[in-house]
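So you know, we letter chains A, B, ... as the sequences are listed, proteins then strands, and number each from 1.
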Amino acid sequence: MQHLSYFELVGFGPQGWGLALLTATGMTLAVALCGFLAGSVLGTFVAWAKLSGGLVARSVADGYTTILRGIPDLLVIYLFYFGGSAALGAIASLFGEDGFIGVPAFLTGALAIGIVSGAYQAEVFRGAFQVVSRGEIEAARSVGMHRWLMFRRIIAPQVLRYAIPGLGNTWQLVLKESALISVTGLVELLRQSHIAAGSTRRPFDFYVTAAILYLLITWVSTYLFQRAETHSMRGMRRAS
Amino acid sequence: MDFEFMQDTFLRLLSGVPLTLNLAFTSVAFGAVFAMLLALMRMSGVKVLDWFARAYVFVFRGSPLLVQIFLIYYGLGQFRPTLQEWGLWTFFREPYWCAILALTLNTAAYASEIIRGGLQSVPHQQVEAARACGMSGFLLFRRIVFPIAVRQALPAYGSELILMVKATSLASIITMMEVTGIAAKLISQTFRAVEVFVVAGVIYLILNFTITRIIMAIEWWLSPHLRRPPAVKPALEAVHV
Amino acid sequence: MKLFKAFGLGLLASALAIGGAAAQGKTVKIATEGAYAPWNFTGAGGKLEGFEIDLANDLCARMKVKCEIVAQDWDGIIPALNAKKYDAIMAGMNITDKRLEVIDFSRPYASGLHGFATMKGSAIAKLAGLGQRANLDKDAAGAQTMIDEWKTLLKGKTVGVQGSTVNSAFLEKYLKDVITIREYKTTEQHDLDLAAGRVDAIFAAHSSLKATLDQPEFKNMMITGGGMSGGVLGRGVAVGLRKGETELRGQFDAAIQDAIKDGTIQKLTQKWFTVDMSPQS
C-alpha cells in the first residue's frame, strides 16, 4: 500500500472516500432534519402543556425539560437505543404482537434527537408565544374563533415568526447532536469519518474533513435562517 | 427492576464523579480566561483581532464537540514527531490533557459570547459616573465594569457550567474513566445497558441540581440590592454536542 | 388531549408496521464490527469486507436465507443483540462463560492465538516466548510460567486493549497488578495510540495484529512474546445468538459444520489470515 495524498484520500478515485463521505453528509442532514421536525411537534405539545395545561400536564412537561436539561445527550441516545426497542416490544405485546420490534438505527436516531431538541424547542415556542399580544388573542375570541381556528390563524403564524431566531439556534444544536448518533451505528458523517480514519489510519485528514463539512452546513443554514427571518419580518414596524 | 444491582452500580459510578467534576471545573476555569481574551478582542475595535475572535467562535460553535475531541486526540497523534520536536508531546500524550484542551477551547467560544453580553449590558450612566469621579482605565474596569458584568453574566455562565458537566461525558470516548466511561465498562461486564445508563443519568441529575442551587446562592449573594432571589432557570440556548 | 392520543397511536402504529415487516420477510440480520481487520473491516469507500463477511454470505447461502450485514460498535454489540437490533453476531467473538450467561453461541468457526505487540526497540520487544504457544486449559502450568516471565518486563507499563473482549479479560485476570490497563473502543484506536506512543504495548488477537503490521504506517510495530489461547481467552470464535433461538442456532451449526467439512473455512482463513485457522475439534 502506497502513501496517498489528502486529495486522493477524500477524493472520488478508487481509493477515495469522497462518495462515502458525501452520502454520509446526506444522512446527517436527513437524520437532523427528521429529528428537528419531531422535536418541533413534541416541543409544541410541551410548550402548550406548560402554558395552558392542567397541573398534571404541567408537571410532566416540567419534569421532561428538567431531566433532559440535566443529563448528557450521549446518555439519552444510549438509553433510547438500548431501551427503545425493549419498551416498544413491551407495549406491542400488550396489543398481542409477538414482541419483535426492530427499530432501525435511523428511526432511533431521529426520535432521540427529537426528544432532546423537543425540550429546547418547547422553551423557544413558549418564549415566542408570550410575545404574541394579548389583545390579538382577545380580539380573535371576541369574533367567535374556536381554539383550533385561533391557533391556526392567529397564534401559530405569529409564534413562528418570533421563534425563527431561536429555532435557528436549535437547528445548529440538532446538527451537532446528530454527530452523537454515530454511537448507535448509523453511518452519518462522523461515523463515516471515524470508519475511514480507522481503516486508513489517517485520523487527522478525515476529522478535519468532517469538521469542514459540518461548518459548511452551519454556514449555509445560518444564511437560510437569516433570509427566513428577514422574510417573516417584512411589513413589521420596527421600534427604532 | 433489580434494586440491589442498581445500588451496586450507583456506588461504582460514584467513583467517576471526581473526574467528571475535575474535567468540568478545570476546563471552565481555563476557558473563562481564554473567553475573556476573546471577548476583549471582539470589543477592541481592532479589525484583525475582531475577525480572529469571530472566526474562532464560528469554528468551535459550528462543529460538533465530538469531532473536536477526535481531532485533538487521534488527529494530532498523526503528527507525533513534529509535536515531539516542539516539546509539546508530553502534553498531547495524556488523554486527560487532550480532553481538557478540547473542552476548554469549546467552552471559551460559548463563554466569550456570554461575557461580551455581560460587558455590553453595563449601563452607560454607571461608566460615565465613574469617569466623572476620575476613574479610568483598569481601575474603572476593575471596580465598575467587571463586577456588574459578572453579575449580569452569572445565570448564563451557570448554565454553561452545567452544559460542561454534561459535555464531559464525551471524554469517555478517549479512554477517560469518568461517570460515562465507568458506565460503559460496567455494561461490557454485565451487559445490562438500560439499568446502568438510568443510574448514570440519575447521578448527572443530582450533580447538576446541586450546581444549579450553588449558582443560585452565589447570585443571591451578589445582588444585595435586589434580594428577591430571582428564579435561576438556565437558558436553553447553547449546548455542547 | 385527543391530539395527544392520536399522536401516540400514530407513532406506535408506524413502529408496529416496521416491526411487522421485518418479522415477515425472513431476513437474518447479522451484526459485525467493521473495524477488526482482517476479520471484518471497512474498505475504501465504506464497504464491509473481511473473513466474516465472506463466511456470513457463504453460511447464509447454505441456510437458504437472505442476510443483511450491519456494522455495530463493539461495546454495545451484545446488549443490542438482546434488544433485538439484529439476530446474530459475527464479529470475531470468542465463546466465553461470561458471555454464555447472556447469549448463546453456535459451534466455533475459527480459532486463533492472542498476544502482545509493541514498537521495535522498546523494552517490551524482548518479551519471552516469541513463536511459542501456550494454552491456558491444556497446559496451565506452562502458560503460567510464560506469564510470570512477562511480568518483569511489563512492570509499570501501560497496555492498550479493546474493552469487553477476551483480551481485556485476560489482562484483568493475569496482569492487573503489574500493568496499567487502558481500554479502547476499537483495536484500530489502540493501534494508533501505540504508534503515537501513548501506550507501551497492546494485547490483541495475533490475526488482527498481523493485519496492522502490513500497513505502511505501522512498519515499526512488532509482535512480541508467545501466543496464548484457551481459558479466559475463550473456546473459539463463533456466531453469537439470542438465548432460546434454537432453530436459528441449529441452522448455523449445520451450515458451519458443512463449511468446515468441504474446506470452505480453511480456504477462507487462508485467504484472509494466510494461515489455516479453522477450529481444532
Original post:
Between C/P79, C/G76, C/A80, C/G160, which has the largest tally of heavy atom pairs under 4.5 Å with chain B?
Top reply: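 The candidate making the most pairs under 4.5 Å is C/P79.
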
To the nearest 0.5 Å, what is the distance between [atom1] on [X] and [atom2] on [Y]?
X: C/Q189; Y: B/I174; atom1: CD; atom2: CD1; value: 10.0 Å
X: B/S172; Y: C/D75; atom1: OG; atom2: CG; value: 9.0 Å
X: B/Q189; Y: C/S168; atom1: CD; atom2: OG; value: 8.0 Å
X: C/K185; Y: B/I173; atom1: NZ; atom2: CD1; value: 4.5 Å

**OP:** Report yes or no: is the cationic atom of C/R198 (NZ for Lys, CZ for Arg) closer than 6.0 Å to the six-membered ring centre of B/Y73, at no more than 45° off its axis?
**Re:**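 Yes, a cation-pi geometry.
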
Considering residues, nucleotides and ligands other than [X], do more than 12 of their heavy atoms fall under 6.0 Å from its [atom1]?
X: B/F209; atom1: CZ; answer: no
X: C/K243; atom1: NZ; answer: yes
X: B/Q7; atom1: CD; answer: no
X: C/K47; atom1: NZ; answer: no
X: B/F30; atom1: CZ; answer: no

Subject >> Evaluation steps, side-chain contact (heavy atoms from CB on, under 4.5 Å), between C/N82 and B/F191 >> reply: CA-CA 9 Å; C/N82 282 335; B/F191 309 112; 5.5 Å; no

Subject >> Distance-only polar pair, side chains of B/Y74 and C/D193, donor-acceptor under 3.5 Å >> reply: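 No.
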
**OP:** With a 4.5 Å heavy-atom cut-off (strictly below), which parts of residues 95-105 of chain C touch chain B? List them by number.
**Re:**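 Under the 4.5 Å heavy-atom cut-off, C/K98, C/R99, C/V102 qualify.
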
Original post:
Just wondering, do B/K185 and C/S164 contact through their side chains at under 4.5 Å, heavy atoms?
Top reply: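 Not in contact.
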
**OP:** Identify whether the distance between the nearest side-chain nitrogen and carboxylate oxygen of C/E217 and B/R80 falls below 4.0 Å.
**Re:**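 B/R80 and C/E217: not salt-bridged.
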
Original post:
Of the backbone (N, CA, C, O) and the side chain (C-beta and beyond), which part of C/E172 lies under 4.5 Å from a heavy atom of chain B, both, or neither?
Top reply: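 For C/E172, side-chain heavy atoms alone lie under 4.5 Å from chain B.
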
